[in-house]
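These notes concern the structure reproduced below.
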Amino acid sequence: MPSCPSERAVANLNRALATLLDEDEDVYVLGEDIVDPYGGAFKATRGLSDAYRERVLSTPISEGALAGVAGGLALRGRKPVIEVMFSDFVTLCFDQILNFASKSVTMYGSRIPMRMVVRCPSGGNRGYGPTHSQSLQKHFLGIPNLAVFELSPFHDNTTVFRRMLELGHPCMFFEDKVLYTRRMFGGEEGDSLFESGFVDAEENFAWAGLGGPEVDHLVIAPGGLSDRVLRAMRAAFIDEEATTRLVVPSQLYPLDIEPLVPLLTATGQVWIAEDCVAGGTWGADLAHQIHSRLWTSLSGPVRLLHPECKVIPASSHLERQLLLQADDIRDVLTGVAGV
Amino acid sequence: MADLTELSDADLDALLSIRHFERQILELFDRGEISGTTHTCLGQEYIPVALSPFLGPDDLVLSNHRGHGHYLARFDDAAGLLAEIMGRRGAVCGGRGGSQHIHRPGFLSSGVQGQLMPVAVGAALDMKATGSAGMAVVFIGDGTWGEGVVYEALNLAQLWQVPLLIVVENNGIAQSTPFEAHLAGSIEGRAEGFGCRHIKVTSLDVNVIRRLLAAPVAQVRAECRPLVVEFETHRIGPHSKGDDSRDEAAKQAAAAHDWYRLYQATFPEQFQRLDAVRHRHMADTVAEVSGRPLIGVHDA
Ligand SMILES: Cc1ncc(C[n+]2csc(CCOP(=O)(O)OP(=O)(O)O)c2C)c(N)n1
Ligand SMILES: [Mg+2]
């Protein structure tokens, strides 16, 4: 669990980047408008350029080059962390990530370590509109030599970033923009109701539960949704005494589900929630893995929770209707909503 | 700075209308009545107003994140745009697109920088091929010259000689990054590299700008000759809202180029007369649109 639970997620992330720059001279941080006094669109890089001027660089509006430059730095053994101002624009980095950085790790016959992290502020519920609100995690699944991680209130970012930079291949790091403003787990009101811990020794899977150990529901969700799931769990418990356990992986992909097997089999219904719109999702892939491994010991098929496959509207009230909200999740936990 | 010349009431009113729209938008944000994001064109209103008589019904304007002025100079529809931003009935795009994604015949905007440059080339190519009288007019900022696709599009436009007018609103800054920190060389040099004609406009005067551009813009259409018009302009407000990280001196230097203040000082009587009316009209529009019902989920 994070060392300072009252810290906001963006502050924890900022501290992680500062720590990395401080402890490792190979680390670079690059992105649009990231230098002080502006400090990045979401302030994750605030204070970094004043302290580490040579290795914290604002780039022009050139996402393709940003990812490519990171590739060049990585090729020479450096460890770039790049910020894509809105993850929607990571589409402009895609060639460099897919066809250069991740390919290069094994395409040239002998292994070339490519240590780089692509930070992706993402997600909606802020009224930013169709091209500034998406959750594009699913487009980065199943790419050789590429791992997908996500910001979570349960995982200390210094640990997560050290881990990502040790893997020797590029990593995507998705960061929910609403989560930035939330406190790390333990710091939000109501967090104390939950029991919590890590499932595995590597501490990839965090869990938080109400009414365990035998629970009605197990919800697996990326960090960006955890706040909404926790609120839903509280409401479902108070309203209907429905008991739920939440599991949040830091690394979303590839994912070894072995540590989750005991939890998956000791639960009523397993749900996977995510913000990517329907179709070819992380949840679908994970559900398939769970089914293949545990079909006969599950109490029923894994169910998926995600928005319909639609463009995210700009108007807040329309956006709220489309995206998963705490109330939607509560309704499935209490059986109000059929899925 | 040269003195401003006197504008027609209609032109001044068009300028004021955009100014008061943008001010109202920022106030609505401050009061928490709208959320999300917006980019106002405070200080740059004169650019689309100066260009508006050059546009015909067959033309397609491709606009960007800072597009309210581009829209309002083309369509007298403050209520429709405001409703779009507020998610209320009568919105131009059903509340789906919001401030940065507007479409109606003759107009389309997107919040992804550079994205519409090649789209504009494609539209212009078709206009040429079909013998349409139209041209494509794409607005981009100085910072957007960081995107590679801008050059791919410029190359094609010049190679294929399509009727494309590229309007560069060079306000010397991209979000928080000053021109000197984001662009090597010059925009003129870049246009020249593709053999594309480039004209730089430093005036804030709608009359002067029109005289300067009438002939070259007519050539874009008649001769299918692409043209880059670079306006040296000033963003006198924040990038979005409350995010102006420039120091006071820089903000004041920008504000010194505000046509609003300059025109007020030069033609106070006409200004007062129209400004007060516009201000009131816009406040009425805000009140009227705010009272409309929110768009329903199943509304088209
Ligand atoms: C592809 C892409 N990258 C980044 C952004 C975020 N962004 C929005 S506006 C902007 C600055 C644009 O600067 P400029 O082109 O000079 O236009 P200005 O805002 O000054 O009008 C940035 C970086 C974006 N919208 N699209
Ligand atoms: Mg600019």
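Proteins get letters first, then strands, A, B, ... in listed order; numbering begins at 1 in each.
- When each of B:G98, B:S176, B:G87, B:G148 is checked for heavy-atom pairs under 4.5 Å with chain A, B:S176 comes out on top.
- Put simply, the side chain of B:R96 reaches to within 4.5 Å of the side chain of A:L318, judged on heavy atoms.
- Contact record, A:H317 with B:I295: NE2-O, 2.7 Å, taken as the closest heavy-atom pair.
- Counted by atom type alone, A:S58 and B:T177 present zero donor-acceptor pairs between their side chains at under 3.5 Å.
- Without hydrogens or angle criteria, A:D33 side chain to B:Q175 main chain gives no donor-acceptor distance under 3.5 Å.
- Distance CG/B:L294 to OG/A:S315: 8.0 Å, rounded to 0.5 Å.
- Residues A:S62 and B:E147 share a closest heavy-atom pair of CA-OE1, 4.2 Å.
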Before you tell me yes or no, could you show the steps for B:Q100 and A:H132 under side chain to side chain contact (heavy atoms under 4.5 Å, CB included), namely the whole-Å CA-CA distance, both residues' side-chain angles and the distance that decides it to 0.1 Å? CA-CA 10 Å; B:Q100 307 190 76; A:H132 288 63; 3.4 Å; yes
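- Under a cut-off of 6.0 angstrom, the local environment of CZ in A:R76 is sparse, with at most 12 non-hydrogen atoms contributed by other residues, nucleotides or ligands.
- Within a 6.0 Å radius of CG in B:D76, no more than 12 heavy atoms belonging to other residues, nucleotides or ligands are found.
- Heavy-atom distances place no part of A:L322 under 4.5 Å from chain B, backbone and side chain included.
- When all heavy atoms are compared, the tightest approach of B:S245 to A:P37 is O-CG, 3.8 Å.
- Closest approach of B:G146 to A:P60, counting heavy atoms only: CA-CB, 4.4 Å.
- A donor-acceptor pair shorter than 3.5 Å can be found between the side chains of B:H101 and A:T131.
- Contact of B:D243 with chain A is made through backbone and side chain together, with heavy-atom distances under 4.5 Å.
- Residues of residues 106-117 of chain B placed with any heavy atom under 4.5 Å of a heavy atom in chain A are listed by number as B:G111, B:V112, B:Q113.
- Both the backbone and the side chain of A:E63 have a heavy atom closer than 4.5 Å to some heavy atom of chain B.
- Among all heavy-atom pairs drawn from B:S35 and A:S316, the shortest one is OG-OG, 2.8 Å.
- The OH atom of A:Y128 sits 12.0 Å away from atom OG1 of B:T38, with the distance rounded to the nearest 0.5 Å.
- Ranked by heavy-atom pairs shorter than 4.5 Å toward chain A, the options B:A181, B:S240, B:G97 are led by B:G97.
- Closest approach of B:A174 to A:I61, counting heavy atoms only: CB-CD1, 4.2 Å.
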